[in-house]
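Everything on this sheet refers to the single structure shown next.
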Number of protein chains: 2
Amino acid sequence: MATKCENCPLRRADMFIDMSSDEVRFMQRFKAGELVIEPGTPVLMEGSSSPQLYTALRGMGLRYKTLPNGRRQVINFVFPGDFLGLQAGVMREMTHSVEASTQMTLCVFNRSELWSFFKNHANRAYDLTWLAAVEEHFMGEAIATLGQRSAIERMAWALVRVFSRAEALGLTEGDQMNLPYRQQDMADALGLSLVHTNKTLAKLREQQLAAWTDGTLRIRNMKALAQLGMVDIEAPMKRPLI
Amino acid sequence: MATKCENCPLRRADMFIDMSSDEVRFMQRFKAGELVIEPGTPVLMEGSSSPQLYTALRGMGLRYKTLPNGRRQVINFVFPGDFLGLQAGVMREMTHSVEASTQMTLCVFNRSELWSFFKNHANRAYDLTWLAAVEEHFMGEAIATLGQRSAIERMAWALVRVFSRAEALGLTEGDQMNLPYRQQDMADALGLSLVHTNKTLAKLREQQLAAWTDGTLRIRNMKALAQLGMVDIEAPMKRPLI
DNA sequence: CGAGTATTTGATGCAGTTCAACGCTCGTGG
DNA sequence: CCACGAGCGTTGAACTGCATCAAATACTCG
């Protein structure tokens, strides 16, 4: 049975801006249902115009684009709290695909009601824009990473980012977390070959900075890792939840 | 003297969604003034929280981030019609800088009135979100470019994109346009060294695909260039203007 | 005319790609 | 119960696209 927004487990995580109970009621009305999908299942497809929008409730996934030459770029990793489908909602169609890496639970909204956000609930619309701006921020960081960082710096950057995000969501246990992606996924995210990704991870292990094996990421020296990846360990930005 | 929104030259360009006269009147009220800045002048600074938002009216500029190690990543090129400062508007502060490459005229809005967008003019707020989604789309493309394309493909991609955008704005003359950036800017945008950027441009010239010299870009074979850069020559997406 | 900035060209080196092969784990079917 | 293949991770070796180093050539402007 679908969770009530009132009891949404995400709202408890401290990375999200608090909602008024009025807002929660509005979201509940907006919510069309819940969707559980298995690993490997596509959620949204590039070029399609999904009638639905989603918020990831549980599980992890990937956003990616496929190029005409067949290569794949992973845009980012999808975590609980991510809003999916804004592009299809507001433009004609999706410009990237999303698929599940683990089993995922998605909160489903009807695209046709997106407009009521703007007409009837200005602060929720504001939050939506805020979310888009946050997304833009992270994509800007990714661009800087792909353009200016070396392989080992990229990897350090990615692991720090992923771990911090998970931490803010309460998905970590001590210095460990579940990271259910393949090395190929990370390679496609960082613009590296699979082979070099593997060797780079081995280096981080040797240097006692971080170890990612068997789907578990263990951070052994966060400070050094963050320094290597040139990440400001800013207090993770609070963001709204849709 | 400041242009009236009513007479805004941008609204004529066919890449922008039409505005109702009601919307135009609202924008006029929202508009705080006009700003003319000289080449090299910073408009927004990373880390600052500008009290103002801008729409580029005339001229070209750069969005960029500076990394802790001193390297610079150009996020994208700023063209007329671009909205600047959404991040500072909605989050605390800017996460990238913007500076002018030519003389620029900016349309100035007060950040404090951003909220009135959402409260009083839902369709303008919707357009703002739309713009953010468009921005996200292009940044996703840039990520794919930096991650998966070779040097010459990147360059071809960038030149096609830039030229198409300029064309939609009516800034081209036949197969030529003004491209007032330095090779270093392009290098920092594509994640290439200055030297290799130069050599890559030379190749495109030899191959009769495109020639960019003395601030003028000339496209000699758009079809081949687009194919090399793997760009879908999609009808340039219509977008709202703020 | 000299200083500063941008473009161009050649030479050398290395970070990361590509190719190739092997091991491990699982699921499937005979 | 074992054989087989598919998917993923790991490792070595060879190659190359691009970075880096170095220096010359415009161009602009005070």
Side-chain angles (χ1 to χ4, degrees), chain A residues 38-40 62 67 69-74 99 101-102 145-159 178-207 210-218 228-229, chain B residues 38-40 62 67 69-74 99 101-102 145-159 178-207 210-218 228-229:
Chain A
E38 295 307 310
L62 288 176
L67 279 81
N69 64 358
R71 303 186 60 162
R72 180 183 75 149
Q73 174 69 39
V74 169
E99 81 174 42
S101 295
T102 65
T145 296
L146 293 178
Q148 309 298 337
R149 280 180 247 249
S150 69
I152 200 165
E153 290 165 353
R154 290 183 208 191
M155 187 61 74
W157 173 84
L159 296 183
N178 233 24
L179 193 60
Y181 300 101
R182 289 161 301 167
Q183 293 188 359
Q184 183 70 64
D185 296 327
M186 185 58 85
D188 290 346
L190 299 183
L192 299 172
S193 71
L194 172 59
V195 172
H196 201 61
T197 298
N198 182 289
K199 288 173 179 166
T200 303
L201 284 168
K203 267 191 204 156
L204 289 179
R205 245 177 274 132
E206 278 167 32
Q207 298 179 22
W212 175 29
T213 44
D214 304 315
T216 301
L217 169 62
R218 181 166 175 206
L228 175 57
Chain B
E38 294 307 309
L62 288 176
L67 279 81
N69 64 358
R71 304 186 59 162
R72 179 183 75 150
Q73 174 68 40
V74 169
E99 80 175 44
S101 295
T102 65
T145 296
L146 293 178
Q148 309 298 336
R149 279 181 248 248
S150 70
I152 199 165
E153 290 165 353
R154 289 183 208 190
M155 188 61 75
W157 173 83
L159 297 182
N178 233 25
L179 193 60
Y181 300 101
R182 288 163 303 166
Q183 293 189 0
Q184 184 69 63
D185 296 328
M186 186 58 86
D188 290 346
L190 299 183
L192 300 172
S193 71
L194 172 59
V195 172
H196 201 61
T197 297
N198 182 288
K199 289 172 179 168
T200 302
L201 283 168
K203 266 191 207 157
L204 289 180
R205 245 177 273 130
E206 278 166 32
Q207 298 180 24
W212 175 30
T213 44
D214 303 316
T216 301
L217 169 62
R218 179 164 177 208
L228 175 56

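Proteins get letters first, then strands, A, B, ... in listed order; numbering begins at 1 in each.
Summarising the geometry, the separation between CG on B:Asn69 and C1' on D:dA19 is reported as 15 Å, rounded to the nearest angstrom. Distance, B:Gln148 CD to D:dC18 P: 13 Å, rounded to whole Å. When rounded to the nearest whole Å, the span between NE2 of B:His196 and C1' of D:dC21 equals 16 Å.
B:Ser150 meets the side-chain hydrogen bond (donor to acceptor under 3.5 Å, both in side chains) test with B:Glu153; sequence neighbours excluded. Under the salt bridge (Lys or Arg N to Asp or Glu O under 4.0 Å) criterion, B:Arg72 pairs with B:Asp185, B:Asp188, sequence neighbours left out. Residues that satisfy the side-chain hydrogen bond (donor to acceptor under 3.5 Å, both in side chains) test with B:Glu99, not counting sequence neighbours, are B:Tyr64. Qualifying side-chain contact (heavy atoms from CB on, under 4.5 Å) partners for A:Leu67, counting only residues two or more places apart in sequence or in other chains: A:Asn69, B:Ala144, B:Gln148, B:Arg149, B:Met230.
Residues from residues 181-191 of chain A placing a heavy atom under 4.0 Å of any atom in DNA chain C, listed by number, are A:Gly191. DNA chain D lies under 4.0 Å from no heavy atom of any residue of residues 197-207 of chain B.
Relative to the side chain of B:Ser193, the nucleotides D:dC18, D:dA19, D:dT11 differ in distance, and D:dA19 lies closest.
Across all non-hydrogen atoms, the minimal contact from B:Ser101 to B:Pro39 is O-CB, 3.5 Å. The minimum heavy-atom distance linking A:Ala189 with A:Leu146 is given by the pair O-CD2, 3.8 Å.
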Please tabulate, one pair per line, all N/O donor-acceptor pairs under 3.5 Å involving side-chain atoms of residues 199-207 of chain B, not counting sequence neighbours.
from: B:Thr200; atom 1: OG1; to: B:His196; atom 2: O; distance (Å): 2.7

Check: residues 210-218 of chain A side-chain donor-acceptor pairs under 3.5 Å, at least two apart:
from: A:Trp212; atom 1: NE1; to: A:Leu179; atom 2: O; distance (Å): 3.3
from: A:Arg218; atom 1: NE; to: A:Asp175; atom 2: OD2; distance (Å): 3.2

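Separation of atoms CG (A:Leu192) and CD (A:Gln184) is listed at 10.5 Å; rounding is to 0.5 Å. Here CE of B:Met155 is found 5.0 Å from OG1 of B:Thr197. Values are rounded to the nearest 0.5 Å. Atoms CG and CD1, on A:Leu190 and A:Ile152 in that order, are 12.0 Å from each other to the nearest 0.5 Å.
In this structure, A:Leu159 and A:Met186 have side chains that are in contact, with non-hydrogen atoms separated by less than 4.5 Å.
With a heavy-atom cut-off of 4.0 Å to chain A, the contacted part of DNA chain C has its first and last nucleotide at C:dG16 to C:dC19.
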Quick tally for nucleotides 25-30 of chain D: nucleotides whose base has a protein heavy atom under 4.0 Å get B, sugar-phosphate-only ones S, the rest -, giving ------

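Contacts of B:Leu192 with the nucleic acid, taken as non-hydrogen atoms under 4.0 Å apart, involve only primed sugar atoms and P, OP1 or OP2.
For the helix from C:dC1-D:dG30 to C:dG30-D:dC1, the terminal axes (five pairs an end, C1' atoms, rotation from four pairs onto the next four) enclose an angle of 30°, given to 10 degrees.
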